[in-house]
Visitor: 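After the structure tokens below, expect a handful of questions from me.
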Amino acid sequence: MLPLKDLFVSIIIPSFNEESVIEHTYKRISETMQGLGAKGYELIFINDGSRDQTLAILKGFAQKDAQVKILSFSRNFGHQPAVSAGISICQGDIAIITDADLQDPPELFPEMIQIHLRENANVVYAVRQQRKGETWFKLLTARLFYRTINSLSDVKLPVDTGDFRLIDKQVIEAFKSLPEKNKYIRGLISWIGFKQVPMYYVREERFAGETKYPLSKMLKFASTSLLYFSKKPLKIALTMGFLSILVGLGLAIWVITGLLFRSNTLVPGWASTVIAVIFFGGVQLLTIGVLGEYLGNIFDEIKNRPEYIVQEKINF
Ligand code: UDP
Ligand code: MG
């Protein structure tokens, strides 16, 4: 483990339409990093296909400040690919993944690094004790998400963590060796293992602008994390299949015994038939749907397309 004065630190900042906040972010992170006493640092901004002035503003910083590096995507690929690109390209002995909107206060970076040094931690993950200025909908969905994923997934995810974390060289290298294209960063880092230590903090309100995670992106994120980290949905389908067969058999036995022994009690109706058809039809569709989800992901992976396309690299 390198002492602080020998550490080169990378900060990874995915940025999508953040023109209203990016300047403050740059200033606050730079101040923190200058006061840190490390060997050096780099700020890697990943411009994830912003449609506003974000890239132009970033280029302004990069012209004056060689520590600012920009990786600009050809379009919006999403938060997770942006972080993944940052990890792949960073030069640091350690890297800190943070948001561009100052929800993860840069003033906590030194503490994170201290925990890394003091506890020999390969990963320091930030756990939100309190979240300011989030809608009840966001809080509720986040809560539901973590409970569900943890009850289904093979890898345990610390509750109330985002992607705000420090990772060291070993973890960076391990991460780079992962072949999947659709990356669920926090799950993968948790999966990589080594020594992972929490740091508790209060999550700030977004400094300016609005969330870049609408419901559709949240759903895609939840489905990736579930399908890539759990085979349980497949098993649920299997169990349901078994149960339906049992119900079907039971029904058949009931009907046959009814015909043989209680012919006068049997109601000659369509209802039971129709209900059975609908029910089993539903079960089958559901099962096929689950298979389809996995198949779709396999399809995505074997296409072997890159996770993102870089249009421009500045200061690298
Ligand atoms: N982001 C990104 N691409 C996207 C959506 C978001 O790079 O398609 C970035 C965004 O600029 C921010 C971070 O990911 O730095 C987290 O997004 P946001 O703050 O909007 O999410 P929230 O904090 O509301 O969950
Ligand atoms: Mg945010």
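Both ligands and their constituent atoms are indexed starting at 1 by order of listing. Position 1 is the first residue of the sequence, and the numbers go up from there.
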Visitor: Would Gln91 and Phe316 satisfy side-chain contact (heavy atoms from CB on, under 4.5 Å), going step by step from the backbone distance to the final call?
Guide: CA-CA 10 Å; Gln91 304 275 309; Phe316 279 100; 5.9 Å; no
Visitor: Which atoms of ligand 1 are found less than 4.0 Å from any heavy atom of Asn76?
Guide: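 Counting atoms of ligand 1 from 1, those under 4.0 Å from Asn76 are 3 (N), 4 (C), 8 (O).
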Visitor: If you count the atoms of ligand 1 from 1 in the order shown, which ones are under 4.0 Å from a heavy atom of Arg203?
Guide: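 Listed by number with element: 23 (O).
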Visitor: For atom 14 (O) of ligand 1, find the nearest protein heavy atom and state the residue, atom name and distance (0.1 Å precision).
Guide: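 Nearest protein contact, heavy atoms only, for atom 14 (O) of ligand 1 is His79 CD2, 3.1 Å.
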Visitor: Is there at least one pair of N or O atoms, one from Ala82 and one from ligand 1, spaced under 3.5 Å apart?
Guide: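 In fact, backbone or side chain, Ala82 has no N or O that close.
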Visitor: Under 4.5 Å between side-chain heavy atoms, counting indirect links through other Ile/Leu/Val/Met/Phe/Trp/Tyr residues: same cluster for Leu108 and Val197 or not?
Guide: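 Shared cluster, yes.
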Visitor: Below 2.8 Å, any N, O or S contact between Gln103 and the Mg ion (ligand 2)?
Guide: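 Of the N, O and S atoms in Gln103, at least one lies under 2.8 Å from the Mg ion (ligand 2), which means yes.
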Visitor: Just do the salt bridge (charged side-chain N to carboxylate O under 4.0 Å, His left out) check on Asp6 and Lys39 with the steps written out, would you?
Guide: CA-CA 5 Å; Asp6 291 332; Lys39 187 174 83 182; over 6 Å; no
Visitor: Can you tell me which portion of Pro14 lies within the under-4.0 Å heavy-atom range of ligand 1? Options are side chain, backbone, both, or neither.
Guide: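 The part of Pro14 near ligand 1 is both the backbone and the side chain.
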Visitor: Are Asp93 and Lys169 close enough for a salt bridge, meaning some N to O gap below 4.0 Å?
Guide: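 Salt bridge: no.
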Visitor: So, 4.0 Å and heavy atoms of Gln80: is ligand 1 close enough to count as a contact?
Guide: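 Gln80: no contact with ligand 1 (<4.0 Å).
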Visitor: Hey, mind stepping through Leu178 and Ile192 against side-chain contact (heavy atoms from CB on, under 4.5 Å) and telling me if it holds?
Guide: CA-CA 10 Å; Leu178 298 173; Ile192 286 172; 4.2 Å; yes
Visitor: One thing to verify: whether Arg28 and Glu31 come together as a salt bridge, which I'm taking to mean a side-chain N less than 4.0 angstrom from a carboxylate O.
Guide: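 No, Glu31 and Arg28 are not salt-bridged.
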Visitor: So with a 6.0 Å cut-off around NZ of Lys313, is the heavy-atom count from everything else above 12?
Guide: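 Check fails, neighbour count at 12 or below.
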Visitor: Give the residue and atom name of whichever protein heavy atom lies nearest to atom 8 (O) of ligand 1, and the separation in Å to one decimal.
Guide: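 Here the closest protein heavy atom is Lys217 NZ, 2.7 Å.
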Visitor: With atoms numbered from 1 as shown, which atoms in ligand 1 lie under 4.0 angstrom from a non-hydrogen atom of Asp101?
Guide: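 So the answer, numbered in order with elements, is 19 (O), 23 (O).
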Visitor: Could you tell me whether Gln103 and ligand 1 have an N or O pair separated by under 3.5 Å?
Guide: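 Yes.
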Visitor: Between Ile13 and ligand 1, find which residue part has any heavy-atom pair under 4.0 Å and reply side chain, backbone, both or neither.
Guide: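 It is neither; nothing of Ile13 touches ligand 1.
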Visitor: Who's closest to atom 1 (N) of ligand 1 heavy-atom-wise, of Phe164, Phe77, Phe16?
Guide: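 Nearest heavy atom to atom 1 (N) of ligand 1 lies in Phe16.
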Visitor: For His79, run the ring pair (Phe, Tyr, Trp, His ring centres under 6.0 Å) check against Phe16, Tyr184, Tyr213 and tell me which one passes.
Guide: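 When Phe16, Tyr184, Tyr213 are each tested with His79, the ring pair (Phe, Tyr, Trp, His ring centres under 6.0 Å) holds only for Tyr213.
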Visitor: In sequence, state the C-alpha distance, the side-chain angles, and the governing distance for Tyr308 and Asp48, and then conclude on side-chain hydrogen bond (donor to acceptor under 3.5 Å, both in side chains).
Guide: CA-CA 9 Å; Tyr308 47 83; Asp48 183 17; over 6 Å; no
Visitor: Should one rank Phe45, Phe221, Tyr213 by closest heavy-atom distance to atom 21 (O) of ligand 1, which comes out on top?
Guide: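 Heavy atom nearest to atom 21 (O) of ligand 1 belongs to Tyr213.
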Visitor: Has Asp99 got an N, O or S atom lying less than 2.8 Å from the Mg ion (ligand 2)?
Guide: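 For Asp99, the answer is no, given that no N, O or S atom comes within less than 2.8 Å of the Mg ion (ligand 2).
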Visitor: For atom 3 (N) of ligand 1, what is the closest protein heavy atom, and at what distance to 0.1 Å?
Guide: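 Of every protein heavy atom, Asp48 OD2, 2.6 Å lies nearest to atom 3 (N) of ligand 1.
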Visitor: Tell me, which protein residue and heavy-atom name are nearest atom 25 (O) of ligand 1, and how many Å apart are they?
Guide: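 Going atom by atom, the protein heavy atom closest to atom 25 (O) of ligand 1 ends up being Lys138 NZ, 2.8 Å.
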Visitor: Quick one: report the N, O or S atom of Asp101 that is nearest to the Mg ion (ligand 2).
Guide: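 This residue's closest N, O or S atom turns out to be OD2.
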Visitor: Under the side-chain hydrogen bond (donor to acceptor under 3.5 Å, both in side chains) rule, what do Asp163 and Gln80 come out as? Steps first, then yes or no, please.
Guide: CA-CA 9 Å; Asp163 284 325; Gln80 300 287 301; 2.8 Å; yes
Visitor: Is any NZ, NE, NH1 or NH2 atom of the basic residue among Arg118 and Glu111 found under 4.0 Å from an Asp or Glu carboxylate oxygen of the other?
Guide: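 Salt bridge absent between Arg118 and Glu111.
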Visitor: Which heavy atom of the protein is the closest neighbour of atom 18 (P) of ligand 1, given with residue, atom name and distance?
Guide: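 Nearest neighbour among protein heavy atoms for atom 18 (P) of ligand 1, to 0.1 Å: Arg206 NH2, 3.4 Å.
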Visitor: At under 4.0 Å between heavy atoms, which part of Glu18 makes contact with ligand 1: side chain, backbone, both or neither?
Guide: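 For Glu18, the contact with ligand 1 is made by the side chain alone.
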Visitor: With atoms numbered from 1 as shown, which atoms in ligand 1 lie under 4.0 angstrom from a non-hydrogen atom of Lys212?
Guide: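 Counting from 1, the qualifying ligand atoms are 5 (C), 6 (C), 18 (P), 20 (O).
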Visitor: Measure the distance from atom 16 (C) of ligand 1 to every protein heavy atom, then report the residue, atom name and distance (to 0.1 Å) of the closest one.
Guide: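 That would be Asp99 OD2, 3.3 Å.
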Visitor: Heavy-atom distances under 4.0 Å decide this one: backbone, side chain, both or neither, for Thr211 against ligand 1?
Guide: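 Both the backbone and the side chain of Thr211 come within reach of ligand 1.
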Visitor: Tell me which part of Met218 gets within contact of ligand 1: side chain, backbone, both or neither, using heavy atoms under 4.0 Å.
Guide: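 No part of Met218 comes within reach of ligand 1.
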Visitor: Check the angle between the aromatic planes of Phe221 and Phe145 and answer parallel, tilted or perpendicular using the 30° and 60° thresholds.
Guide: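 Phe221 and Phe145: tilted rings.
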Visitor: Please check if atom CD in Glu301 has more than 12 non-hydrogen atoms from other residues, nucleotides or ligands closer than 6.0 Å.
Guide: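 For Glu301, atom CD is crowded (more than 12 foreign heavy atoms under 6.0 Å).
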Visitor: Out of Arg165, Arg206, Arg203, Lys212, which residue meets the salt bridge (charged side-chain N to carboxylate O under 4.0 Å, His left out) rule with Asp99?
Guide: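 The salt bridge (charged side-chain N to carboxylate O under 4.0 Å, His left out) with Asp99 is passed solely by Arg203 among Arg165, Arg206, Arg203, Lys212.
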